[in-house]
Amino acid sequence: MVKPMMPNDNFIPELTDRAQLAADPHRPVFHFAPPANWLNDPNGLIHWDGTLHLFYQYNPNGPFHGTIHWGHASSQDLVYWRDHPVALAPTPGGPDAEGCWSGCAVDNNGTPTFVYTGVNPQTVCLAVSTDDLESWQKYAGNPVIAAPPPEIAAHSGHDFRDPYVWREGDAWWMVIGARREGVGGLVLLYRSANLTQWEFVRVLLAGDEQTSPFFYEGAMWECPNLLDFGERRALIISVQDAQWRLQHAGYFSGRYDNGAFTPDAGGVLVYGHSFYAPQATRLADGRILLFGWLRETRPQAAAQMAGWSGCMSLPLIVTLQPNGKLHLAPAPELETLRRDAWTLSDLPLAPHTQHRLEITGAALEIEVTFEADQLDDYGLAVCCSPDGAEQTRIVVKPEQGELWVEHIGADPALALPGERAPLTLTPAQPVRLRVFVDGSVLEIFADDGLCLTTRLYPQRADSQGVVLFTAGTPVDVRYASVWTLASVW
């Protein structure tokens, strides 16, 4: 017997007016953030009737993790956003009484359906909408998966979360995160004919914290996404260590055949301390779109005072390269936000030179191309005060083959350790960087596929400059362009 859906008749909190926090200089203007309070994982990404819907982990009670609901926003162009009422709230006495945790959204024969994590214990639940995703009714038979198989549950430490579902052939398929205590993360594979009755198929992939051939694999794998690129697939995971600290998002790529996945490549998806828990969906035009959660790196007390915590990455387009590496690039639709522009070309920089650009701002897009085959450090600095006492330096390190981010003059309470990422440097190719600065967000993309994301919290109102620099050898700047960017609200 098919059990009915139950109305989501829990208290749905009102959203804060966005104008109340608009004056905060650290608050991004072209990255999605909730009107106020806490945001973490992107959830339920779905392209429905020409509109992209983004759901997200949300706490209406403050800028801290707790009482997790699903927030809701939508965009018709991947650029400008509209807030909707909260989509899911915990049901007292229900399987999600302690929180509606992460999951996905699917189109079930014309019915939008959430597949999400209820806690505690961690289970799989369903909800559907009959009014174009504005309100949601929970399945009366929740949870549809009450626990992992006993042989998994015995060693999982009660970790079983973040379902990601897709339709293939005549069945629904699901990957979900778990772990083997003391060994490493797991991704479990399930199959269903109807979304309500699920069969465990196999462990799709098991990690080993001690070996980690492609990246540090940690103790627990969260938020799995299995992306279809035809002959190959990519499995994205988010890594947590044995001390429950969030590490990074990583991926494996390889062959997938009849529920068996054989990876032969992998890597860190995005470097830096902030990017985590990404989710992807396929758009109507075939592109794969991904958002990640950009978590705060400032003290909790600072977020509490600000009244908000967390934002989304830029909308990113995911492609798979012939070498098995995933490549992320900002969605080209973002170019519609460009306003004032400034450009230079063929600028030689003598050793130990700094060149301050003529455009400033707290919301910028920067493209710069350096000639190749350099011998010493060079790069650009953003969020620079006029005297240089406060700045964040993006440094190309040719000898190390790395890109570094260094925060100078920051408040000690907000100071971050330096961040670094591997950068492919060849004598024949120039180094091209694309940089986005947005309040407290810094996202860096390189032509070789590198992506590094961090947070920065300038303490001076005049820390809005951009400076090109070189260390001990001359560098030629082939081209540089800077645009101020408009708000998405």
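Numbers for residues simply follow the sequence, beginning at 1.
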Open item on the list: Can you tell me how the ring of Phe252 sits relative to the ring of Trp221, calling it parallel under 30°, perpendicular over 60° and tilted otherwise?
Closed with: tilted
Open item on the list: Please evaluate residues Ser440 and Arg455 with respect to the criterion side-chain hydrogen bond (donor to acceptor under 3.5 Å, both in side chains), reporting the C-alpha separation (whole Å), side-chain torsions for both, the decisive distance (0.1 Å), and the verdict.
Closed with: CA-CA 5 Å; Ser440 57; Arg455 303 298 296 274; 2.7 Å; yes
Mind listing the side-chain donor-acceptor pairs of residues 97-106 below 3.5 Å, one per line with the distance, residues two or more places apart or on another chain?
residue	atom	partner	partner atom	Å
Ser102	OG	Asp41	OD2	2.8
Ser102	OG	Asn43	ND2	3.2

Open item on the list: Could you tell me if the side chain of Arg434 sits less than 4.5 Å from the side chain of Pro330, heavy atoms only?
Closed with: yes
Open item on the list: For the residue pair Tyr276 / Glu222, report whether a side-chain donor-acceptor contact shorter than 3.5 Å exists.
Closed with: yes
- [ ] Can you measure from CG (Asp107) to CH2 (Trp48) and round to the nearest 0.5 angstrom?
- [x] 4.0 Å
Open item on the list: Could you measure the distance from the OG atom of Ser253 to the CD1 atom of Ile236? Nearest 0.5 Å is fine.
Closed with: 10.5 Å
Task: side chain to side chain contact (heavy atoms under 4.5 Å, CB included) evaluation trace for Leu314 with Phe30 - done: CA-CA 8 Å; Leu314 293 174; Phe30 62 86; 3.8 Å; yes
Task: Asp159 side-chain N/O to Arg179 backbone N/O, donor-acceptor pair under 3.5 Å - done: no
Task: Donor-acceptor pair between Ser75 and Asp77 side chains, under 3.5 angstrom - done: yes
Task: Stepwise side chain to side chain contact (heavy atoms under 4.5 Å, CB included) test for Asp447 and Gln429 - done: CA-CA 10 Å; Asp447 265 356; Gln429 293 182 329; over 6 Å; no
Task: Side-chain heavy atoms of Leu195 within contact of Val165, under 4.5 Å - done: yes
Open item on the list: Using a 3.5 Å distance criterion without hydrogens, assess whether the side chain of Thr392 forms a donor-acceptor pair with backbone atoms of Cys383.
Closed with: no
TODO: Heavy atoms only: give me the nearest Trp38-Asn40 pair and the separation to one decimal.
DONE: NE1-OD1, 2.6 Å
Task: His69 side chain to Thr67 backbone, donor-acceptor under 3.5 Å - done: yes
- [ ] Would you kindly check if the NZ (Lys) or CZ (Arg) of Arg18 is within the cone defined by 45 degrees around the ring axis of Phe32 and under 6.0 Å from the six-membered ring centre?
- [x] yes
Open item on the list: One pair to check against side chain to side chain contact (heavy atoms under 4.5 Å, CB included): Leu54 and Trp81. What are the steps and the verdict?
Closed with: CA-CA 10 Å; Leu54 165 66; Trp81 292 92; 3.8 Å; yes
Open item on the list: Are the side chains of Trp483 and Glu367 in contact, using a 4.5 Å heavy-atom criterion?
Closed with: yes
- [ ] Please round to the nearest 0.5 Å and tell me the distance separating atom CZ of Arg338 and atom OG1 of Thr484.
- [x] 11.0 Å
Open item on the list: Is it the case that the side chain of Arg255 and the backbone of Arg232 share a donor-acceptor pair, with hydrogens and angles ignored and the cut-off at 3.5 Å?
Closed with: no
- [ ] Establish, yes or no, whether a centroid distance under 6.0 Å links the rings of Phe114 and Phe55.
- [x] yes
Task: Under 3.5 Å donor-acceptor, Asn37 side chain and Asn61 backbone - done: no
Open item on the list: Which heavy atom of Ser129 sits nearest to which heavy atom of Thr111, and what is that distance?
Closed with: O-CG2, 4.0 Å
Open item on the list: Can you see whether Asn194 engages Ser192 through a side-chain donor-acceptor pair at a distance of less than 3.5 angstrom?
Closed with: yes
TODO: Take Asn108 and Val128, measure what side chain to side chain contact (heavy atoms under 4.5 Å, CB included) needs, and give me the verdict at the end.
DONE: CA-CA 9 Å; Asn108 183 16; Val128 304; over 6 Å; no
TODO: Check whether NZ of the Lys or CZ of the Arg Arg298 lies under 6.0 Å from the centre of the six-membered ring of Trp308 and within 45 degrees of that ring's axis.
DONE: yes
Task: Glu231 atom CD: more than 12 heavy-atom contacts under 6.0 Å - done: no
Task: Sub-4.5 Å side-chain heavy-atom contact between Val405 and Ile444 - done: yes
Open item on the list: When you compare the side chain of Tyr251 with that of Leu320, does any pair of heavy atoms fall below 4.5 Å?
Closed with: no
- [ ] Return the minimal non-hydrogen interatomic distance between Ala234 and Phe229, and the atom names on each side.
- [x] CB-CE1, 3.9 Å
TODO: Take Glu402 and Lys397, measure what salt bridge (charged side-chain N to carboxylate O under 4.0 Å, His left out) needs, and give me the verdict at the end.
DONE: CA-CA 5 Å; Glu402 291 181 326; Lys397 298 267 188 181; over 6 Å; no
- [ ] Work out which heavy atom in His72 is nearest to a heavy atom in Ala87; give both atom names and the distance.
- [x] CB-CB, 4.4 Å
Open item on the list: Applying the side-chain contact (heavy atoms from CB on, under 4.5 Å) criterion to Trp70, which one of Tyr116, Tyr56, Tyr58, Trp136 satisfies it?
Closed with: Tyr116
- [ ] For Asp264 and Thr262, run side-chain hydrogen bond (donor to acceptor under 3.5 Å, both in side chains): C-alpha distance rounded to whole Å, both residues' side-chain angles, the deciding distance at 0.1 Å, then the answer.
- [x] CA-CA 7 Å; Asp264 55 26; Thr262 308; over 6 Å; no
Open item on the list: Within the 4.5 Å heavy-atom criterion, are Val183 and His155 side-chain neighbours or not?
Closed with: no
Open item on the list: Once rounded to the nearest 0.5 Å, what's the spacing between atom CG of Leu78 and atom NE2 of His47?
Closed with: 7.0 Å
- [ ] Dump the intermediate steps for side-chain hydrogen bond (donor to acceptor under 3.5 Å, both in side chains) on Thr281 and Gln279, then the final yes or no.
- [x] CA-CA 7 Å; Thr281 192; Gln279 186 171 105; over 6 Å; no
Open item on the list: Determine whether a donor-acceptor pair (N or O, by modelled atom type, separation under 3.5 Å) exists between the side chain of Asp438 and the backbone of His31.
Closed with: yes
- [ ] Give the ring-plane orientation class for His26 versus Tyr457, where under 30° counts as parallel, over 60° as perpendicular and anything between as tilted.
- [x] perpendicular
Open item on the list: What I want to check is whether the side chains of Gln76 and Ser74 have a donor and an acceptor closer together than 3.5 Å.
Closed with: no
Open item on the list: For the CG atom of Asp257 and the CZ atom of Arg233, what is their distance to the nearest 0.5 Å?
Closed with: 9.5 Å
Open item on the list: Tell me whether Asp49 at atom CG has more than 12 heavy atoms from other residues, nucleotides or ligands lying less than 6.0 Å away.
Closed with: no
Task: Closest heavy-atom pair and its distance - Leu269, Cys451 - done: O-CB, 4.3 Å
Open item on the list: Keeping Glu419 on the side-chain end and Tyr271 on the backbone end, is there a donor-acceptor pair under 3.5 Å?
Closed with: no
Task: Main-chain N/O of Tyr216 paired with His248 side-chain donor or acceptor, under 3.5 Å - done: yes
- [ ] Search all heavy atoms of Pro35 against all heavy atoms of Thr16 and return the closest pair with its distance.
- [x] CB-O, 3.1 Å
Open item on the list: Let me confirm one number: the CE-CH2 distance from Met220 to Trp244, rounded to the nearest 0.5 Å.
Closed with: 12.5 Å
Open item on the list: Counting only heavy atoms from other residues, nucleotides and ligands, does the tally under 6.0 Å from NE2 of His84 exceed 12?
Closed with: yes
Task: Check: Val201 main-chain N/O paired with Arg191 side-chain donor or acceptor under 3.5 Å - done: no
Open item on the list: Tell me if a side-chain donor or acceptor on Arg282 pairs with a main-chain N or O of Gly286 at a distance below 3.5 Å.
Closed with: yes
- [ ] State plainly whether the residues Lys325 and Asp448 are in salt-bridge range, i.e. N to O under 4.0 Å.
- [x] no
